[in-house]
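Worksheet: the structure to be examined is printed underneath.
So that the names make sense, note that chain A is the first sequence line, chain B the second, and so on, each numbered from 1.
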2 protein chains.
Amino acid sequence: MNTLSYALLAFLAREQSSGYNLMLRLQPFWPAKHSQIYPLLSHMESEEYLTSTWIVQCEKPDKKLYSITEKGIRKLKEWLYVPLADPITRDELSMKTFCMWLTDLENAIEIIESRKAHLVKKLDGFQLKIADKVLEDLKFGTPEFYDYMLFQKAIFTTTSGIEWTTMMLEILKAQRTKQND
Amino acid sequence: MNTLSYALLAFLAREQSSGYNLMLRLQPFWPAKHSQIYPLLSHMESEEYLTSTWIVQCEKPDKKLYSITEKGIRKLKEWLYVPLADPITRDELSMKTFCMWLTDLENAIEIIESRKAHLVKKLDGFQLKIADKVLEDLKFGTPEFYDYMLFQKAIFTTTSGIEWTTMMLEILKAQRTKQND
DNA sequence: CAACACATGTAAGGCGTTACATGATTAA
DNA sequence: TTAATCATGTAACGCCTTACATGTGTTG
C-alpha cells in the first residue's frame, strides 16, 4: 500500500464518503486526480479494507459511498507505527532562482511577485476557514484538534514562503532604484 | 522539456559537469536518481542543448563531461519567461497528523519528534555552508548572490518546520503530564 | 449558450524509484 | 572485509497527469 491509499483510509476513518468527495478533500494534503483515486478505491475494496454502496440521488448523479472496515482501521493504525518518510518538495522556483542571473531584473521581480501572490491568496483561504476555530475550545485528542494542528502547519509553511518572497523583493527592488540613478 | 531538464541546463550554465556530479548537486532542489539523469542528458545532447567529452582519470573511473551549448542557454533563458508552476509538496506527516487521533499520545509524540530531529539535522548542515557567506560581500546579480537567496529559502522553510514541530510537541507533552496527574 | 459542479470510469504516456550490471579505490 | 565514493548505463515497475468517454443540473 502506498501513502495515497493510507490517505484515503485516513479520511474514511472519520466518515464515509464518495470517491469524488475524497478527491476534493485530499487536494491540500496529497494532490491526486480522480483517475488515480477511483481504481485505488476499487482495489482497496477487493482487499476488504473498504466496502461500498450506491446512493441514488435526485438532481445529481448517483454516487458510490465508501466505508472503512475493521480491517482497514487496523491497517491504518499499524501505519502510524511505521517510520515517517521524509517530505518531498519539488519547486520550480528554486531552479529558476538558481539561474536568475541569466535574466533581467524586471523578469526576476515578476517571477517572485507571482509566487508571492499565489501564497498570499492561499493564506487568505486559510484565515477564513480557521476564523471559527480556537485552540482553547478544542478537546484534546479529537479529530478536530488535529485538524487545527494541520491548519497551523499549512499556515506556518505558507507564511514562511511569504516572508522569503518579501525579503527577496525588497532586495531586488532596492537594486532597481539603484540602477535608475 | 520537463523541469528536471531545465534543472540540468541551469547547473551546466554555470560550469561543465559530469552526470554523476549533477545528480549530487541537484538533490537539495530537485531530487533525482542517476538512472533518470543519464538518459535525459543523452537525449538533451541529441537535441543539441549539450555536448560531451570523455575525461580519462587516474585512480577514478572515466567520466563524461557535459557542456551547455548556445542553443541550450537560449532555451534556459526562454524558460525564465514561462509562467511559474506551483510547488508540489507531498508530506506523509500531514496524513499521519490527520489520523493521529487513532493512536496513543506516546506514538504521536514520537512521530513529531522524528520529524523535528530530521529538520534540525538539515538546518545544521545549512549553517555550516553559509558561515562564510554574508550578503554585503556578494555582488548583486552574480550566481553567488542567487545561491545565497536559495540558501535563505531553504533556511526559511526548514525553520518554519522546526517551529511547528516545537509547538506541536509542547502541546502534546503538556497533555502527557496532565494525564499522569 | 457556455462554463462549471457533481459523479464515475478507462487508456495512454510521462515521471520517478528500485533493481540489475560492472568495476576501481579508499576508509572504518 | 564490509561499506562507501566515484562513475555510467539499462530494465522493470509503480506513481501521477492528461486525455478520452458520458451525463445531469445550475449559474452567469
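Within the 4.0 angstrom heavy-atom criterion, only backbone atoms of the sugar-phosphate kind lie near Glu59(A); the bases stay farther away. Nucleic acid contact class of Lys33(B) (heavy atoms, under 4.0 Å, all strands): base. Within 4.0 Å (heavy atoms only), Asn21(B) reaches no atom of the nucleic acid at all. Counting any heavy atom pair closer than 4.0 Å across all strands shown, Leu24(B) reaches sugar-phosphate atoms only and no base atom.
Under a 4.0 Å N-O distance rule, the pair Asp147(B)/Arg14(B) qualifies as a salt bridge.
Each of His34(A) and Pro61(A) was matched to the nucleotide of DNA chain D holding its nearest heavy atom; the match closer to the 5' end belongs to His34(A). Each of Ser35(A) and Gln57(A) was matched to the nucleotide of DNA chain C holding its nearest heavy atom; the match closer to the 5' end belongs to Gln57(A). Ranked by how close their nearest DNA chain D nucleotide is to the 5' end, Lys64(B) and Trp30(A) are led by Lys64(B).
Between Glu92(A) atom CD and dC15(C) atom P there is a gap of 12 Å when expressed in whole angstrom units. If you measure from atom CG of Asn2(A) to atom P of dC15(C), you get 20 Å, rounded to the nearest angstrom.
Over its full length, the helix from dC1(C)-dG28(D) to dA28(C)-dT1(D) turns its helical axis through 50°, comparing axes from the five pairs at each end and rounding to 10°.
Checking Glu45(B) against Ser52(B) by side-chain atom types alone, a donor-acceptor pair falls below 3.5 Å. The closest side-chain donor-acceptor pair between Asn21(A) and Ser18(A), if any, does not fall under 3.5 angstrom.
Contact footprint of chain B on DNA chain D: nucleotides with an atom under 4.0 Å from a non-hydrogen protein atom, first to last in 5' to 3' order, dT5(D) to dT17(D).
For Glu110(B), the CD atom counts as loosely surrounded, since its 6.0 Å shell holds 12 or fewer non-hydrogen atoms of other residues, nucleotides or ligands.
In this structure, Trp79(A) has its ring center closer than 6.0 angstrom to the ring center of Tyr6(A).
Cation-pi check for Lys75(A) over Tyr49(A) is not met; the charged atom does not lie both under 6.0 angstrom from the ring centroid and within 45 degrees of its normal.
Residue Tyr20(A) has a polar side-chain atom (N or O) positioned under 4.0 Å from OP1 or OP2 of dC6(C).
Classified by interplanar angle (parallel below 30°, tilted 30° to 60°, perpendicular above 60°), the ring pair Phe98(B)/Phe29(A) is tilted.
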